[in-house]
Amino acid sequence: METTTFDTALGRFGIGWTDKGLARLLLPGDDETVLLERLNRGTTQPGEPTRMISALMNSIEDYAEGEAVDFADVPLDLAGVPDFHSRAYDLLIKIGWGQTVTYGDLARQLGDIGLSRAVGQAMGANPIPLVIPCHRVLASDGKPGGFSAPGGTATKVKMLALEGVSIGTPAGQMTFGF
């Protein structure tokens, strides 16, 4: 896998790719040393982005500036990802800008509401957050649930706010400015 880092309005991202497609994406939040350690674990090497990766980096920069971006057609390399996780990611990629889904909704689509915790584990192991939009998966009460990226749920809420999604107000309840 080849890797590089790049700056956006949200901070520095790390990205890794193979001949098959995008294999790793690290969200901003770690200092440079930690970002590079996480990005370059295993058999990786710094690389010159391909045309497809350069275009993806431009799209991520657009996303960070608040533009609606659809990553559904990005070629992915999910080698080594468990089958259940891959199936969950395939469903999640269809959840677009400004939309959310619950862990339970994904579990039902995968065949059993009892798989909600397994869906949560798949989201926590997501090697390509943002492109596989695990930030769009919420708990059944509409709260953020977990988020394994730097900054945790605060980062998740920030990403959703960028997409126009407000978290924290129960459905049907209005907020007043007093």
Side-chain angles (χ1 to χ4, degrees), residues 1-81 85-86 88-89 92-101 120-138 143-168:
M1 178 170 55
E2 294 182 71
T3 65
T4 194
T5 61
F6 62 103
D7 290 315
T8 72
L10 294 173
R12 184 175 286 274
F13 277 75
I15 191 167
W17 65 93
T18 68
D19 291 339
K20 292 181 181 179
L22 180 64
R24 187 177 298 160
L25 187 68
L26 300 181
L27 300 178
D30 287 328
D31 68 41
E32 184 77 11
T33 303
V34 173
L35 176 69
L36 290 173
E37 285 174 3
R38 289 182 58 220
L39 183 61
N40 293 318
R41 69 179 189 263
T43 57
T44 65
Q45 59 188 8
E48 187 65 33
T50 63
R51 176 183 274 166
M52 186 273 296
I53 294 298
S54 291
L56 175 58
M57 290 165 57
N58 288 334
S59 293
I60 292 169
E61 290 169 1
D62 292 344
Y63 174 91
E65 292 173 4
E67 292 182 38
V69 176
D70 180 5
F71 296 108
D73 293 330
V74 172
L76 304 178
D77 182 350
L78 294 174
V81 171
H85 292 196
S86 292
Y89 301 155
L92 186 54
I93 286 171
K94 298 173 186 166
I95 306 301
W97 172 276
Q99 299 175 329
T100 60
V101 65
Q121 291 170 348
M123 298 305 108
N126 180 1
I128 311 172
L130 179 59
V131 174
I132 299 173
C134 55
H135 66 285
R136 296 179 182 148
V137 183
L138 304 176
K143 292 184 179 172
F147 201 53
S148 60
T153 56
T155 298
K156 185 177 195 173
V157 170
K158 183 177 181 178
M159 292 171 73
L160 288 169
L162 188 69
E163 297 181 24
V165 177
S166 178
I167 300 297

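Sequence positions, counted from 1, serve as the residue numbers for this chain. Just so it is clear, the values below take in all heavy atoms, side chains as well, and ignore hydrogens, waters and symmetry mates.
Contact detail for Pro129 and Pro127: the closest heavy-atom pair is CD-C, 3.5 Å. Counting all heavy atoms, side chain and backbone alike, Asp30 lies closest to Leu35 at CB-N, 3.9 Å. Between Pro144 and Val157 the shortest heavy-atom distance is CG-CG2, 3.8 Å. Nearest heavy-atom pair across Cys134 and Asn126 is SG-ND2, 3.3 Å. Across every non-hydrogen atom of Glu2 and Gly47, the tightest pair is OE1-CA, 3.2 Å. Smallest separation of non-hydrogen atoms from Ser148 and Met123: OG-O, 4.4 Å.
Across Ser54, Pro49, Pro46, a single residue satisfies side-chain contact (heavy atoms from CB on, under 4.5 Å) together with Thr4, and that is Pro49.
Arg136 CZ to Leu160 CG: the interatomic distance, rounded to the nearest 0.5 Å, is 8.0 Å. For the atom pair CD (Glu67) and CG (Leu162), the distance works out to 10.0 Å, reported to the nearest 0.5 Å. A distance of 11.0 Å separates CG in Leu10 from CD in Glu61, rounded to the nearest 0.5 Å. Between His85 atom NE2 and Gln121 atom CD the span is 6.5 Å, to the nearest 0.5 Å. With rounding to the nearest 0.5 Å, the separation of CG in Leu27 from CZ in Arg38 is 8.0 Å. The CG atom of Asp31 sits 8.5 Å away from atom CD of Glu37, with the distance rounded to the nearest 0.5 Å.
In this structure the side chain of Leu36 reaches within 4.5 angstrom of the side chain of Glu32, judged on heavy atoms. Annotation: side chain of Ile128 is not in contact with side chain of Val74 (no heavy-atom distance under 4.5 Å).
Contacts of Tyr63 classified as ring pair (Phe, Tyr, Trp, His ring centres under 6.0 Å), with partners at least two apart in sequence or in another chain: Trp97.
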CA sep, side-chain torsions, deciding dist, call: Phe13, Leu26, side chain to side chain contact (heavy atoms under 4.5 Å, CB included): CA-CA 6 Å; Phe13 277 75; Leu26 300 181; over 6 Å; no

Residues Ile95, Thr100; criterion side chain to side chain contact (heavy atoms under 4.5 Å, CB included); working and verdict: CA-CA 7 Å; Ile95 306 301; Thr100 60; 5.7 Å; no

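Asp62 places no side-chain N or O within 3.5 Å of a backbone atom of Val69 that could act as its donor or acceptor partner. A donor-acceptor pair under 3.5 Å is formed between the side chain of Thr155 and the backbone N or O of Pro150.
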Show the atom names and distances, to 0.1 Å, of all donor-acceptor pairs under 3.5 Å that link a side chain in residues 15-25 to residues at least two apart or in another chain.
residue: Thr18; atom: OG1; partner: Lys20; partner atom: N; Å: 3.1
residue: Thr18; atom: OG1; partner: Asp77; partner atom: OD2; Å: 2.5
residue: Arg24; atom: NH1; partner: Leu39; partner atom: O; Å: 2.6

